[in-house]
Amino acid sequence: MIRIATEADLPAIVAIYNAAVPGRMATADTEPVTVESRRAWFTGHSPDRHPLWVDEREGEVVGWLSLGTFYNRPAWDITAEVSVYVTPAHQRHGVAVGLLENALAEAPALGLRALIGIIFGHNDPSLALFRRFGFEDWGLMPRVTELDNVERDVVFVGRRVEGA
């Protein structure tokens, strides 16, 4: 069941995010974050503009997707950044697919016309997921991040939203 996240979901959201930190594929954080450090980020999401959805299965939050401000200037209001994370036990079980389908369906009603993903160049599974949904490579930033003394590329993928 995909639904808007509540504050009670924040510990699960943080746990899912933190599970991605050691893999060095999905986040630029190099250490786990705390629930308290993510509280302002959570409250910055609003269901009517930049939602944060969770996928709940059998009472457990197994994944989440957020639409966030891409660039905090009024002209960018038609664009949102997409972030999606899934608990390791539920990866490759359709969770991210369902969340992304939901976001694409809901985006026009939110006034969005473009969605952007910012993905490490070595994160082939995430790049494949977004490309499967028609996201195209909109930019490459070569060797702009460093994880464990390895410089990494960042790929911007984007897609226009239908019906907006």
Take R152 and E146, measure what side-chain contact (heavy atoms from CB on, under 4.5 Å) needs, and give me the verdict at the end.
CA-CA 6 Å; R152 298 294 189 171; E146 184 177 88; over 6 Å; no
Would you list the pairs meeting salt bridge (Lys or Arg N to Asp or Glu O under 4.0 Å) in which at least one residue belongs to residues 5-18, sequence neighbours left out?
R3-D9, E7-R39
Residues that, via side-chain heavy atoms closer than 4.5 angstrom, fall in one hydrophobic cluster with W138
F70, Y71, W76, I116, I118, F120, M141, V144, L147, V154, F156
Counting distance only, does the side-chain N/O of S126 pair as donor-acceptor with the main-chain N or O of N123 below 3.5 Å?
no
Closest approach of G121 and L127, non-hydrogen atoms and distance?
O-CD1, 3.7 Å
How close do Y85 and A26 get, heavy atom to heavy atom, and via which atoms?
OH-O, 2.7 Å
Heavy-atom closest pair, residues A103 and L65
CB-CD2, 3.7 Å
Assess the residue pair L129 and F135 against the criterion (side-chain contact (heavy atoms from CB on, under 4.5 Å)); give the C-alpha distance rounded to whole Å, side-chain angles, the decisive distance to 0.1 Å, and a yes or no.
CA-CA 9 Å; L129 170 70; F135 285 75; over 6 Å; no
Donor-acceptor pair, D153 side chain versus R143 backbone, under 3.5 Å?
yes
hydrophobic_cluster_shared for L52 and V82, side chain cutoff 4.5 Å:
no
Any side-chain heavy-atom pair of L115 and L112 under 4.5 Å:
yes
With sequence neighbours left out, write down each residue that passes ring pair (Phe, Tyr, Trp, His ring centres under 6.0 Å) with F133, or none if nothing qualifies.
none
Under 4.5 Å between any side-chain heavy atoms of P125 and Q91, yes or no?
no
For E101, give me all partners under salt bridge (charged side-chain N to carboxylate O under 4.0 Å, His left out), at least two apart in sequence or on another chain.
none
Any side-chain heavy atom of E81 sitting closer than 4.5 Å to one from S66?
no
Is there a side-chain contact between V62 and V86 in this structure, where contact means two heavy atoms from C-beta onward sitting under 4.5 Å apart?
no
Mark yes when over 12 heavy atoms from residues, nucleotides or ligands other than E31 sit less than 6.0 Å from its CD; otherwise mark no.
no
Would you please name every residue forming a salt bridge (charged side-chain N to carboxylate O under 4.0 Å, His left out) with R24, sequence neighbours left out?
D148
Which heavy atom of W64 sits nearest to which heavy atom of I13, and what is that distance?
NE1-O, 3.2 Å
Under 4.5 Å between side-chain heavy atoms, counting indirect links through other Ile/Leu/Val/Met/Phe/Trp/Tyr residues: same cluster for V95 and W53 or not?
yes
Nearest heavy atoms of D124 and M25, plus distance in Å:
N-CE, 4.5 Å
Side-chain heavy atoms of R49 within contact of D77, under 4.5 Å
yes
With a 6.0 Å cut-off (strictly less than), is the heavy-atom count around CG of N72, excluding the residue itself, greater than 12?
no
Side chain to side chain, V157 and E136, heavy atoms closer than 4.5 Å
no
Could you tell me if the side chain of E106 sits less than 4.5 Å from the side chain of L67, heavy atoms only?
no
Shared hydrophobic cluster, I16 / L99 (ILVMFWY, side-chain heavy atoms < 4.5 Å)
no
By ring pair (Phe, Tyr, Trp, His ring centres under 6.0 Å), H90 pairs with (sequence neighbours left out) none
Minimum heavy-atom separation for P11 and A8, please, with both atom names.
CD-O, 3.5 Å
Kindly say whether I2 contributes a backbone atom to a donor-acceptor pair with the side chain of D55 at under 3.5 angstrom?
no
Are V97 and I119 grouped together when hydrophobic residues (ILVMFWY) are joined by side-chain heavy atoms under 4.5 angstrom apart?
yes
Answer yes or no for R38 and Y17: cation-pi contact, defined as NZ/CZ to six-membered ring centre under 6.0 Å and angle to ring axis within 45°.
yes
